Novice: 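Structure below; questions to follow.
None of the values given here were measured: they were computed from a predicted structure. Values reported hereafter were calculated over all heavy atoms of this structure, with side chains retained and with hydrogens, waters and symmetry mates removed.
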Amino acid sequence: MQAQHDNSPFLQKKFPLILICDSLQSPANIGSIFRLADSFGIEKIYFTGQEPNLTSKRMERTARSTHKYVPFSYVENAELLLTQLESENYTLLALEITDTSIPINSYNSLTIGKTALVIGEENSGVSEKILQCVATSLHIPMYGNNSSMNVATATGIALYEITKQLDASNN
């Protein structure tokens with residue numbers, strides 16, 4: 001029998017993980033990001049760059065109320081935010097295919113502790129300015145003809161991989 005929300009076997013946990021959304025604008029993707037942040041026990045979401053519309057009906061439907069209890073803020077200047085997080089001992093990562101990015105499944109997040117993961121805008125990805133601020137860029141190995149995937153889908157894969165490792169390090 002399918003489990004319902006009130007009798008699911010899942011534990012509630014929070015991880016020392018912040019998600020930074022670089023100029024995300026798609027209401028459906030933003031709603032999905034809220035649901036993913038809730039599902040993976042993310043500390044907080046920061047939206048940077050162009051301010052997103054967080055009152056869109058599409059965003060609200062997709063978020064399924066998670067936007068009401070996942071902490072979030074809007075910060076115009078991502079570089080200043082990253083500098084602040086770095087001073088608070090967050091490891092800064094970007095989810096972006098670059099000529100120096102490493103596969104996320106071979107990155108060892110067990111030793112990094114507090115983490116800030118930057119994801120990029122749907123069409124242009126993480127900005128060059130932000131890529132220059134992060135310690136490491138990670139990518140998801142892909143085996144088909146396409147070289148990219150939907151930002152929410154990629155974020156879900158990345159959050160799974162990072163929280164899996166963080167959870168293992170706490171056990």
Side-chain angles (χ1 to χ4, degrees), residues 13-26 29-52 54 66-67 70-143 146-170:
K13 289 185 178 188
K14 286 287 181 201
F15 290 96
L17 182 55
I18 289 174
L19 195 55
I20 301 168
C21 302
D22 180 23
S23 298
L24 249 59
Q25 292 300 304
S26 163
N29 284 334
I30 291 169
S32 292
I33 295 299
F34 273 109
R35 284 179 73 180
L36 289 165
D38 175 59
S39 296
F40 287 104
I42 303 309
E43 274 182 37
K44 186 172 185 173
I45 300 171
Y46 284 97
F47 294 96
T48 66
Q50 184 179 348
E51 190 166 7
L54 299 179
T66 54
H67 64 291
V70 172
F72 68 91
S73 295
Y74 168 70
V75 176
E76 187 174 349
N77 189 318
E79 293 86 36
L80 288 177
L81 173 62
L82 292 172
T83 299
Q84 174 192 333
L85 291 172
E86 192 170 40
S87 75
E88 296 171 13
N89 296 316
Y90 278 85
T91 298
L92 308 178
L93 303 173
L95 184 60
E96 185 67 57
I97 299 171
T98 70
D99 50 354
T100 60
S101 63
I102 61 172
I104 193 164
N105 55 323
S106 63
Y107 182 73
N108 184 357
S109 62
L110 293 175
T111 59
I112 61 174
K114 298 190 310 183
T115 304
L117 178 66
V118 183
I119 61 172
E121 192 270 333
E122 293 85 357
N123 295 312
S124 57
V126 177
S127 72
E128 275 302 319
K129 283 184 181 180
I130 291 177
L131 287 174
Q132 292 173 10
C133 296
V134 300
T136 305
S137 290
L138 306 171
H139 68 264
I140 297 166
M142 295 174 45
Y143 305 104
N146 193 4
S147 65
S148 69
M149 64 177 68
N150 172 275
V151 66
T153 302
T155 301
I157 294 167
L159 292 178
Y160 173 78
E161 189 66 37
I162 293 169
T163 59
K164 177 178 73 170
Q165 290 184 31
L166 290 172
D167 194 36
S169 71
N170 289 330

Novice: On the 0 to 90° scale, with breaks at 30° and 60°, tag the F34-F47 ring pair as parallel, tilted or perpendicular.
Specialist: tilted
Novice: Ignoring hydrogens and geometry beyond distance, is a side-chain donor-acceptor pair present between E121 and S124 at under 3.5 Å?
Specialist: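 E121 vs S124: donor-acceptor pair found between side chains.
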Novice: Under 3.5 Å, side chain of T163 to main-chain N/O of E161, donor-acceptor pair present?
Specialist: no
Novice: Looking at CZ of R35 and OG of S39, how far apart are the two atoms once the value is rounded to the nearest 0.5 Å?
Specialist: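 Going from CZ on R35 over to OG on S39, the span is 7.0 Å.
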Novice: Would you give the length of the straight line joining atom NZ of K44 to atom NZ of K14, rounded to the nearest 0.5 angstrom?
Specialist: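 Those atoms lie 12.0 Å apart.
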Novice: How long is the gap from OG on S23 to CD on E51, to the nearest 0.5 Å?
Specialist: 11.5 Å
Novice: If I take atom CG from residue D38 and atom OG1 from residue T66, how far apart are they, to the nearest 0.5 angstrom?
Specialist: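 Answer rounded to 0.5 Å: 6.0 Å.
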Novice: If you count the non-hydrogen atoms of other residues, nucleotides and ligands that lie under 6.0 Å from OH in Y74, is the total more than 12?
Specialist: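 Correct, the count exceeds 12.
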Novice: What pair of heavy atoms forms the shortest contact from I33 to I119, and how long is it?
Specialist: CD1-CD1, 3.7 Å
Novice: Any side-chain heavy-atom pair from I162 and L117 closer than 4.5 angstrom?
Specialist: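 Yes, close enough: below the 4.5 Å cut-off.
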Novice: Could you give me the CA-CA distance, side-chain angles and deciding distance for I18 and I20, then say whether side chain to side chain contact (heavy atoms under 4.5 Å, CB included) is met?
Specialist: CA-CA 7 Å; I18 289 174; I20 301 168; 4.1 Å; yes
Novice: Counting distance only, does the side-chain N/O of E96 pair as donor-acceptor with the main-chain N or O of V126 below 3.5 Å?
Specialist: yes
Novice: Under 6.0 Å from the CD atom of E76, do we count more than 12 heavy atoms belonging to anything else shown?
Specialist: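 No, not enclosed.
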Novice: Using modelled atom types only, decide if a donor and an acceptor are shared between the side chain of Q165 and the backbone of Y160 within a distance under 3.5 Å.
Specialist: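 Answer holds: no.
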Novice: Find out whether C21 and I45 are in side-chain contact, i.e. whether some heavy atom of one side chain is under 4.5 Å from a heavy atom of the other.
Specialist: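 Yes - at least one pair of side-chain heavy atoms lies under 4.5 Å apart.
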Novice: Which heavy atom of P52 sits nearest to which heavy atom of L24, and what is that distance?
Specialist: CB-O, 3.7 Å
Novice: Is the shortest heavy-atom distance from the side chain of T136 to the side chain of Y107 under 4.5 Å?
Specialist: yes
Novice: What pair of heavy atoms forms the shortest contact from L92 to L82, and how long is it?
Specialist: CD1-O, 3.6 Å
Novice: From E128 CD over to I130 CD1, what is the distance, rounded to the nearest 0.5 angstrom?
Specialist: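 Answer rounded to 0.5 Å: 10.5 Å.
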Novice: With rounding to the nearest 0.5 Å, note down the distance linking CZ in F15 to NZ in K164.
Specialist: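 Between atom CZ of F15 and atom NZ of K164 there are 12.5 Å.
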Novice: Looking only at non-hydrogen atoms, find the nearest pair between A154 and I140 and report the distance.
Specialist: O-CD1, 3.5 Å
Novice: Is a donor from one side chain sitting under 3.5 angstrom from an acceptor on the other, for T91 and K114?
Specialist: no
Novice: Using every non-hydrogen atom in the two residues, find where G120 and V151 come nearest and quote the distance to one decimal.
Specialist: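 Looks like O-CG2, 3.3 Å.
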Novice: I would like to know whether L17 and L159 meet side chain to side chain contact (heavy atoms under 4.5 Å, CB included); could you show each step before the answer?
Specialist: CA-CA 9 Å; L17 182 55; L159 292 178; 3.8 Å; yes
Novice: Evaluate side chain to side chain contact (heavy atoms under 4.5 Å, CB included) for L95 paired with V118, printing each intermediate quantity in order.
Specialist: CA-CA 6 Å; L95 184 60; V118 183; over 6 Å; no
Novice: Tell me whether T153 contacts the main-chain N or O of M149 through its side chain, where contact means a donor paired with an acceptor under 3.5 Å.
Specialist: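 Answer holds: no.
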Novice: Looking at every heavy atom in both T48 and D22, which two are closest together, and how far apart are they?
Specialist: OG1-CA, 3.4 Å
Novice: Short question: side chain of E122, backbone of S26 - any donor-acceptor pair under 3.5 Å?
Specialist: yes
Novice: May I ask you to check whether E43 and Y90 show a side-chain donor-acceptor distance below 3.5 Å?
Specialist: yes
Novice: In sequence, state the C-alpha distance, the side-chain angles, and the governing distance for S137 and L93, and then conclude on side chain to side chain contact (heavy atoms under 4.5 Å, CB included).
Specialist: CA-CA 6 Å; S137 290; L93 303 173; over 6 Å; no
